[in-house]
Asks: 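I have a structure I would like to understand better, so I am pasting it below and will then ask my questions one at a time.
Whatever order the structure lists ligands and atoms in, that order sets their numbers, starting from 1. What you see is a predicted model; the values in this text were computed from it and never measured.
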Amino acid sequence: MTSVAVGLSRDLAAKRVMRAEVQGYDIAVWRDENGGLHAWNNRCPHRGMRLSHGFVRDGHLACLYHGWHFRKDGGCAYIPAHPELEPPETISATVFSITENAGVIWVSATDTAKAPAEDGEWEPLRSLSFACPPEKVRHAIENTPFAGQLPERAASGHLTAGSTALLVHCAPLGDAETLAHLLVAAGTSLAGRKALSRWCETARESAEAGPA
Ligand code: FES
């Protein structure tokens with residue numbers, strides 16, 4: 001699996017940009033006015049400013065520093081200091097593959113982005129950052145009791161605790177942080193979602209308290 005879950009779809013509205021890390025690449029992820037998603041190397045081709053600081057305008061991602069505009073295919077569309085100039089085709093942001101499925105955004109820096117096939121229907125619960133690597137997050141989640149029971153891992157990969165099911169996608173941020181994206185089985189009650197959300201925070205305390 002070369003694709004990384006970089007965020008929940010609902011957390012990236014139209015015309016917004018966010019920063020992510022995928023397979024060691026710093027990435028700018030943005031959503032255009034029509035809901036389309038884009039993942040680019042987070043470095044402006046002009047002077048290297050992070051494109052995640054930029055803004056979406058007229059279907060382009062514009063760099064905050066000198067305002068160069070880049071089309072959805074990454075090519076430079078407009079240079080404010082030289083408005084009459086047709087930018088050369090060689091000026092282009094590096095574009096990566098991105099997709100979204102079941103409320104999660106997936107990016108690959110090396111391949112075509114693909115979401116894993118999951119059994120059942122899932123809804124986003126929340127994203128949660130952990131100050132520890134993904135292995136510790138997974139260990140804590142599997143060893144923190146929920147409603148008096150340790151979660152069990154189903155053959156298809158999701159966790160169950162009693163009648164509650166949870167899917168966790170972990171994205172490493174550097175060596176010592178993780179962003180975890182949590183989904184629950186579609187139809188989970190509000191009370192169940194709240195309980196799971198609190199349980200995730202308990203698991204985080206446990207993950208972060210363990211030895212480094
Ligand atoms: S660094 Fe991006 S436009 Fe200059």
Side-chain angles (χ1 to χ4, degrees), residues 1-116 124 126-134 137 169-181:
M1 180 75 189
T2 58
S3 300
V4 174
V6 297
L8 298 177
S9 299
R10 69 176 185 199
D11 293 335
L12 186 64
K15 300 173 73 174
R16 295 287 178 186
V17 191
M18 70 178 203
R19 190 176 169 197
E21 183 181 313
V22 175
Q23 295 142 349
Y25 289 88
D26 189 0
I27 307 261
V29 179
W30 61 283
R31 196 185 287 279
D32 62 43
E33 290 93 334
N34 300 317
L37 280 168
H38 311 274
W40 293 359
N41 190 16
N42 197 9
R43 186 177 165 77
C44 178
H46 182 215
R47 298 245 180 108
M49 178 76 168
R50 282 199 175 110
L51 289 167
S52 54
H53 294 308
F55 53 94
V56 179
R57 183 158 302 162
D58 302 329
H60 301 150
L61 179 61
C63 177
L64 190 63
Y65 200 174
H66 306 98
W68 290 23
H69 282 215
F70 298 92
R71 296 185 302 266
K72 293 169 192 170
D73 64 1
C76 185
Y78 176 62
I79 298 177
H82 304 282
E84 308 303 328
L85 180 75
E86 181 77 25
E89 288 186 9
T90 50
I91 302 176
S92 180
T94 303
V95 175
F96 296 119
S97 180
I98 187 166
T99 190
E100 65 187 326
N101 185 55
V104 180
I105 301 171
W106 296 87
V107 173
S108 176
T110 58
D111 208 344
T112 301
K114 280 194 201 124
R126 64 184 295 190
S127 296
L128 201 62
S129 64
F130 289 68
C132 58
V137 174
H169 298 302
C170 288
L173 296 175
D175 295 332
E177 285 183 67
T178 302
L179 192 55
H181 308 291

Asks: Against Val22, only a single residue in Val107, Thr2, Ile98 fulfils side chain to side chain contact (heavy atoms under 4.5 Å, CB included); can you say which?
Replies: Val107

Asks: With sequence neighbours left out, which residue pairs that include part of residues 67-86 fulfil the salt bridge (charged side-chain N to carboxylate O under 4.0 Å, His left out) condition?
Replies: Asp32-Lys72, Arg71-Asp73

Asks: Could I get the full list of ring-ring contact (aromatic ring centres under 6.0 Å, His included) partners for His66, not counting sequence neighbours?
Replies: His46

Asks: Can you tell me if OH on Tyr65 sees more than 12 non-hydrogen neighbours from other groups inside 6.0 Å?
Replies: no

Asks: If you round to the nearest 0.5 Å, how far is CG of Asn101 from NZ of Lys114?
Replies: 13.0 Å

Asks: Taking non-hydrogen atoms within less than 4.0 Å of ligand 1, which protein residues qualify?
Replies: Cys44, His46, Arg47, Met49, Cys63, Tyr65, His66, Gly67, Trp68

Asks: Among residues at least two apart in sequence or on other chains, which ones pass ring-ring contact (aromatic ring centres under 6.0 Å, His included) with His60?
Replies: His69

